[in-house]
Colleague: 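Once you've had a glance at the structure underneath, I'll fire off some questions.
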Amino acid sequence: MRINEQYHDLEPMRRVSYTLINRDHTTRTCETPILNEHIMDVYLNDRLTMKLVCLPQHLTELVLGRLRTENVIHSVQDVDMIYICEYGKRARVYLNREALETEGPFVETTPTCCTGNHILNDYFLDHSDPQPIPPFAWHTDWVFDLADRFAAGMPLHSETWATHSCFLSRGGEVLFSCEDIGRHNALDKAIGFALRNDIPLGECIVYSSGRIPTDMVMKALRAGIPVLASKAAPTEQASLLAQEYGLTLVCSARRDSMRQYTGTPPVD
């Protein structure tokens with residue numbers, strides 16, 4: 001896989017002025033950092049296929065992760081080249097296969113993410129079911145360590161209180177951390193980092209700051225991640241989906257306790 005990243009120095013935050021209004025009706029002008037909402041068009045074999053709303057960081061990882069969790073690719077071997085333009089507004093991905101012949105109109109599934117991400121067609125989507133997750137030996141300390149790191153704060157969140165974050169770890173070692181406007185993007189960036197750096201996702205844990213509905217579980221299943229942990233709570237349907245495919249789902253994972261809903265019990 002060839003990667004050509006032309007973008008650089010894209011700012012994830014801007015400083016803006018605002019009027020602080022107090023309950024006693026006094027006011028004053030202040031300044032604060034605010035997130036820079038970035039929009040990127042993703043072309044697959046020169047067909048506009050996705051529009052991503054994100055923070056302008058780790059854009060190649062975001063594209064790779066999104067292609068994997070949407071079942072467009074199964075490994076980096078499916079990708080010939082990724083090019084991202086100077087301003088990070090356009091990504092061109094050349095796959096080692098052509099578009100699929102589809103029948104009937106494409107109906108986009110509404111995601112639970114709060115961003116305006118869109119898939120525009122299903123020319124390249126593989127609609128096959130995910131594979132069951134094999135039993136995986138994991139330790140509770142690995143998740144507690146991730147909860148500690150999250151509680152210590154992430155750079156953009158500490159400034160804006162407006163991001164989601166995701167951690168990728170393997171064998172208790174944190175390999176990557178990232179932030180984004182949406183929890184889906186953050187998870188995709190972590191998955192994309194693993195793909196880009198040839199890290200076996202079947203040996204990894206991801207920890208998300210966001211709630212876990214079915215589409216977040218499906219991302220983990222498609223990537224082959226055995227343990228999905230989150231500071232927040234799952235939905236009932238997400239828990240049932242995780243149980244069906246053997247995913248270890250650990251939610252409300254804080255520094256002092258966690259709740260395991262499905263999957264392999266910890267070895268400790």
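Hydrogens, waters and symmetry mates play no part in the numbers below; they use all other heavy atoms, side chains included.
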Colleague: I need the full list of salt bridge (Lys or Arg N to Asp or Glu O under 4.0 Å) pairs touching residues 33-45, with sequence neighbours left out, sorted by first then second residue.
Modeller: D41-K51
Colleague: Using the side chain to side chain contact (heavy atoms under 4.5 Å, CB included) rule, take L221 and L241 through it: C-alpha gap first, then chi angles, then the decisive distance, then the call.
Modeller: CA-CA 9 Å; L221 290 173; L241 181 62; 4.0 Å; yes
Colleague: What pairs of donor and acceptor atoms, side-chain ones from residues 225-233 against any protein atom, are under 3.5 angstrom apart with sequence neighbours left out?
Modeller:
unit_1	atom_1	unit_2	atom_2	d
S230	OG	S208	O	3.2
S230	OG	G210	O	2.5
S230	OG	A232	N	2.9

Colleague: According to a hydrophobic-cluster definition based on side-chain heavy atoms being under 4.5 Å apart (Ile, Leu, Val, Met, Phe, Trp, Tyr only), do L187 and L249 belong together?
Modeller: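 Yes, it is one cluster - the side chains of L187 and L249 are joined through contacts under 4.5 Å.
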Colleague: Measuring from L55:CG to M13:CE, what's the distance to the nearest 0.5 Å?
Modeller: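 Atom-to-atom, L55:CG and M13:CE are 10.0 Å apart.
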Colleague: Let's go through L195 and V79 carefully: what are the C-alpha distance in whole Å and the side-chain angles of both, what is the deciding distance for side chain to side chain contact (heavy atoms under 4.5 Å, CB included) to 0.1 Å, and is it a yes or a no?
Modeller: CA-CA 11 Å; L195 292 172; V79 180; over 6 Å; no
Colleague: Considering residues, nucleotides and ligands other than R259, do more than 12 of their heavy atoms fall under 6.0 Å from its CZ?
Modeller: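 Counting neighbours around CZ of R259, 12 or fewer heavy atoms of other residues, nucleotides or ligands fall under 6.0 Å, so no.
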Colleague: Between V53 and Y87, is there shared hydrophobic-cluster membership here, with clusters defined by ILVMFWY side-chain heavy atoms closer than 4.5 Å?
Modeller: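 No, it is not one cluster - the side chains of V53 and Y87 are not joined through contacts under 4.5 Å.
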Colleague: Listed by chain and number, what are the salt bridge (charged side-chain N to carboxylate O under 4.0 Å, His left out) partners of D80, not counting sequence neighbours?
Modeller: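 For D80 the salt bridge (charged side-chain N to carboxylate O under 4.0 Å, His left out) partners, ignoring immediate neighbours, are R2.
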Colleague: When rounded to the nearest 0.5 angstrom, what distance separates SG in C204 from CG in L175?
Modeller: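 Output value for this atom pair is 6.0 Å.
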Colleague: Tell me whether the NZ or CZ atom of R92 lies within the 45° cone about the ring axis of Y43 and under 6.0 Å from its centre.
Modeller: yes
Colleague: Examine distances only and state if a side-chain atom of R97 and a backbone atom of D78 form a donor-acceptor pair shorter than 3.5 Å.
Modeller: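 Checking the backbone N and O of D78 against the side chain of R97, no donor-acceptor pair under 3.5 Å is found.
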Colleague: Under 30°, 30 to 60°, or over 60°: which ring-plane class applies to Y207 and F150, parallel, tilted or perpendicular?
Modeller: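 Geometry flag for F150 against Y207: tilted rings.
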Colleague: Are any side-chain N or O atoms of N185 and backbone N or O atoms of L62, one a donor and one an acceptor, separated by less than 3.5 Å?
Modeller: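 No: the side chain of N185 does not pair with the backbone of L62.
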Colleague: Whether the side chain of R68 engages the backbone of R222 through a donor-acceptor N/O pair (distance < 3.5 Å, no angle test) should be reported.
Modeller: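 Judged by distance alone, yes, a pair lies under 3.5 Å.
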Colleague: Does any N or O in the side chain of D24 come within less than 3.5 Å of the main-chain N or O of T26, such that one atom is a donor and the other an acceptor?
Modeller: yes
Colleague: Applying side chain to side chain contact (heavy atoms under 4.5 Å, CB included), run through F136 and T248 and close with a yes or a no.
Modeller: CA-CA 8 Å; F136 179 74; T248 297; 5.7 Å; no
Colleague: Within a reach of under 6.0 Å around OH of Y18, are more than 12 heavy atoms found that belong to other residues, nucleotides or ligands?
Modeller: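 For Y18, atom OH is crowded (more than 12 foreign heavy atoms under 6.0 Å).
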Colleague: Under 3.5 Å, is there a donor-acceptor pair between the side chain of N71 and the main chain of H127?
Modeller: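 Flag not set: sc N71 to bb H127 has no pair under 3.5 Å.
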Colleague: Counting heavy atoms not belonging to D198, are there more than 12 under 6.0 Å from its CG?
Modeller: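 Result for CG/D198: open.
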Colleague: Okay, side chain of T49, backbone of R47: is any donor-acceptor separation there less than 3.5 Å?
Modeller: yes
Colleague: Counting only heavy atoms from other residues, nucleotides and ligands, does the tally under 6.0 Å from CD of Q6 exceed 12?
Modeller: yes
Colleague: Please confirm whether the backbone N or O of S128 pairs with a side-chain atom of D126, one donor and one acceptor, at under 3.5 Å?
Modeller: yes
Colleague: Using the ring pair (Phe, Tyr, Trp, His ring centres under 6.0 Å) criterion, which residues pair with F193? Sequence neighbours excluded.
Modeller: F176
Colleague: If hydrophobic clusters are built from ILVMFWY residues whose side chains come within less than 4.5 Å, do M258 and V217 share one?
Modeller: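 Cluster IDs for M258 and V217 differ.
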Colleague: Shortest non-hydrogen contact from Y94 to N45?
Modeller: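 Taking every non-hydrogen atom into account, CA-OD1, 3.3 Å.
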Colleague: How many angstroms lie between atom CG of L67 and atom CD1 of I73, to the nearest 0.5 angstrom?
Modeller: 5.0 Å
Colleague: Please answer: with hydrophobic residues joined when any side-chain heavy atoms are less than 4.5 Å apart, are V42 and V76 in the same cluster?
Modeller: yes
Colleague: Which heavy-atom pair separates W142 from I205 by the least distance, and what is that distance?
Modeller: CE3-CD1, 3.7 Å
Colleague: Listed by chain and number, what are the side-chain contact (heavy atoms from CB on, under 4.5 Å) partners of L10, not counting sequence neighbours?
Modeller: Y7, H38, P56, L59
Colleague: Does the structure place the NZ or CZ of R149 under 6.0 Å from the centre of the six-membered ring of F167, at an angle of no more than 45° from the ring's axis?
Modeller: no
Colleague: Could you walk me through whether M50 and V72 pass side chain to side chain contact (heavy atoms under 4.5 Å, CB included), step by step?
Modeller: CA-CA 11 Å; M50 298 179 185; V72 173; 4.2 Å; yes
Colleague: State whether R170 and E203 are salt-bridged, where the test is any N-O pair (Lys NZ or Arg NE/NH1/NH2 against Asp/Glu carboxylate O) under 4.0 Å.
Modeller: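 A salt bridge is present here (some side-chain N lies under 4.0 Å from a carboxylate O).
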Colleague: For the residue pair P213 and A238, what are the closest heavy atoms and their distance?
Modeller: C-CB, 3.5 Å
Colleague: Is a donor on one side and an acceptor on the other found under 3.5 Å between the side chain of Q57 and the backbone of C178?
Modeller: no
Colleague: Is there a side-chain contact between N121 and L48, using heavy atoms and a 4.5 Å cut-off?
Modeller: no
Colleague: Side chains of D215 and H184: donor-acceptor distance under 3.5 Å anywhere?
Modeller: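 Note: D215 and H184 side chains meet the donor-acceptor criterion.
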Colleague: Roughly how far, to the nearest 0.5 Å, is NE2 of H58 from OG of S177?
Modeller: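 With rounding to 0.5 Å, OG (S177) is 7.0 Å from NE2 (H58).
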Colleague: Of the non-hydrogen atoms in P130 and Y245, which two are nearest, and what is the gap between them?
Modeller: O-CE2, 3.3 Å
Colleague: Restricting to non-hydrogen atoms, name the atom on L35 and the atom on A162 that form the minimum distance, rounded to 0.1 Å.
Modeller: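 Smallest interatomic distance, heavy atoms only, reads CD1-O, 3.2 Å.
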Colleague: Is there a side-chain contact between K219 and R66 (heavy atoms, below 4.5 Å)?
Modeller: yes
Colleague: Treating E179 as the side-chain partner and T163 as the backbone partner, does any N or O pair qualify as donor plus acceptor under 3.5 Å?
Modeller: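 No.
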Colleague: Return the minimal non-hydrogen interatomic distance between V206 and C166, and the atom names on each side.
Modeller: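 Taking every non-hydrogen atom into account, CB-SG, 4.3 Å.
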Colleague: If the condition is salt bridge (charged side-chain N to carboxylate O under 4.0 Å, His left out), which residues does E31 pass it with, not counting sequence neighbours?
Modeller: R15
Colleague: Do L201 and M216 land in one hydrophobic cluster if side-chain heavy atoms of ILVMFWY residues count as linked below 4.5 Å?
Modeller: yes
Colleague: Measuring from I84:CD1 to M40:CE, what's the distance to the nearest 0.5 Å?
Modeller: 5.5 Å
Colleague: Between S209 and H164, is there a side-chain donor-acceptor contact under 3.5 Å, judged purely by atom types and distance?
Modeller: yes
Colleague: Quick check against the 3.5 Å criterion: does W138 have a side-chain atom that pairs as donor or acceptor with the backbone of V143?
Modeller: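 No, the answer is negative, given that no donor and acceptor are paired below the 3.5 Å cut-off.
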Colleague: Looking at OG1 of T32 and CZ of R14, how far apart are the two atoms once the value is rounded to the nearest 0.5 Å?
Modeller: 14.5 Å
